[in-house]
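All values below come from the heavy atoms of this structure, side chains included, with hydrogens, waters and symmetry mates left out. Order of listing sets the numbers, starting from 1, for every ligand and every atom in it.
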Amino acid sequence: MERENQTAITEFVLLGLSGLLELQALLFLVFLMSYIIALTGNLFIFTLTLADPALHTPMYFFLRNLSFLEISYTSVTLPRMLANLLLEDKTISFTGCATQMYFLLFFGGTECFLLGIMAYDRYAAICHPLHYPCIMNNVRCTVMAAVSWLSGIFMSFGQTSVIFILPFCGSHEINHFFCDIPPILKLACGDTFLTEIVVFIVALVFITFPFVLILVSYLLIITTIMKMPSAEGRHKAFSTCSSHLVVVTLFFGTGTVMYLRPNSAYAPDIDKLLSLFYTVITPMLNPIIYSLRNKEVKEALRRVITRMCFLNSGR
Ligand SMILES: *[C@@H]1O[C@H](CO)[C@@H](O)[C@H](O)[C@H]1NC(C)=O
């Protein structure tokens, strides 16, 4: 009987917020707006950093890579969440769920490393300006970005595999917006202890290593800024770094609570709220924080627009 049940589960149901019908329309609008803002913001940065030659520096190379990543990352969860809010049918196939988790962890893991590298890049630029072109040469930038993407691919493959080879019997209702680690582990039956340990250790490496790199980089940056002679330079460097730090802390902080706590502390309602921070809010904030507040980006935008007007009138 139990074996029969085990093989019987071919699909899951993503409950989302199905208990609160009156909230669904509002939630749909909020998610839709967030998705549009995240897509346009990241697409804007991607295009601008590509179009303006003055932005062909390591910092903007990583930023372009990050925007590309964020477009993919939000597209793993949000379209599905929007559809689930509209449709009666909230089922997702077993393979669909595994695929969603795979891409979620792939892009999420890559983002952790990419954010770490971006902090290191700022550290090199601010603390070692003379050696910066050498520290961040083209080859190194490409290799560092490639390492982020490859580590994301392999980590995600490992995590998704160890989770989805577990037997699933009994309930197939996922009390979440999408297929994330904690709600799926909750549904697995049999002994999940070893899997939980493996998943925890891998998540620990992917969260703490980049986050410590970021904290140390910014600590050194702040120390250097304090010694700057000009008040204007101090102010500029401070405003750039503090905004980066806030968004990064939001991303890693919510990720830490979600992935690095004992499974016994599982709380579906809090999880749903927390997961929105790293899947919806930070991808929306990143383009704003990293560039729209930044003078270089505004000037680049002016140049690109001028050039476009000039090209049009010149014809
Ligand atoms: C991001 O970096 C990787 C590795 O260097 C590269 O292959 C990829 O083309 C980059 N993506 C974009 C959109 O710049």
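What sits closest to atom 13 (C) of ligand 1 on the protein, heavy atoms only, is Phe46 CE1, 3.4 Å.
The aromatic rings of Phe106 and Phe103 sit tilted, their planes meeting at an angle between 30° and 60°.
With ligand atoms numbered from 1 in the order given, ligand 1 contributes 4 (C), 5 (O) to contacts under 4.0 Å with heavy atoms of Ala146. Those atoms of ligand 1 with a heavy atom of Thr142 less than 4.0 angstrom away are 4 (C), 5 (O). Listed by number with element, the atoms of ligand 1 under 4.0 Å from a non-hydrogen atom of Asn65 are 1 (C), 2 (O), 3 (C), 8 (C), 10 (C), 11 (N), 12 (C), 14 (O). Taking every non-hydrogen atom of Ala145 and a distance limit under 4.0 Å, the qualifying atoms of ligand 1 come out as 2 (O), 4 (C), 5 (O).
For atom 9 (O) of ligand 1, no protein heavy-atom neighbour is found at a distance under 4.0 Å.
Just one of Phe252, Phe251, Phe206 meets the side chain to side chain contact (heavy atoms under 4.5 Å, CB included) condition when paired with Phe211; it is Phe252.
Looking at Lys272 and Asn175, their side chains do bring a donor and an acceptor atom within 3.5 Å of each other. In this model, a donor atom of one side chain and an acceptor atom of the other lie less than 3.5 Å apart for Asp180 and Tyr259.
Expressed to the nearest 0.5 Å, how far OG of Ser242 lies from CD1 of Ile221 amounts to 11.0 Å.
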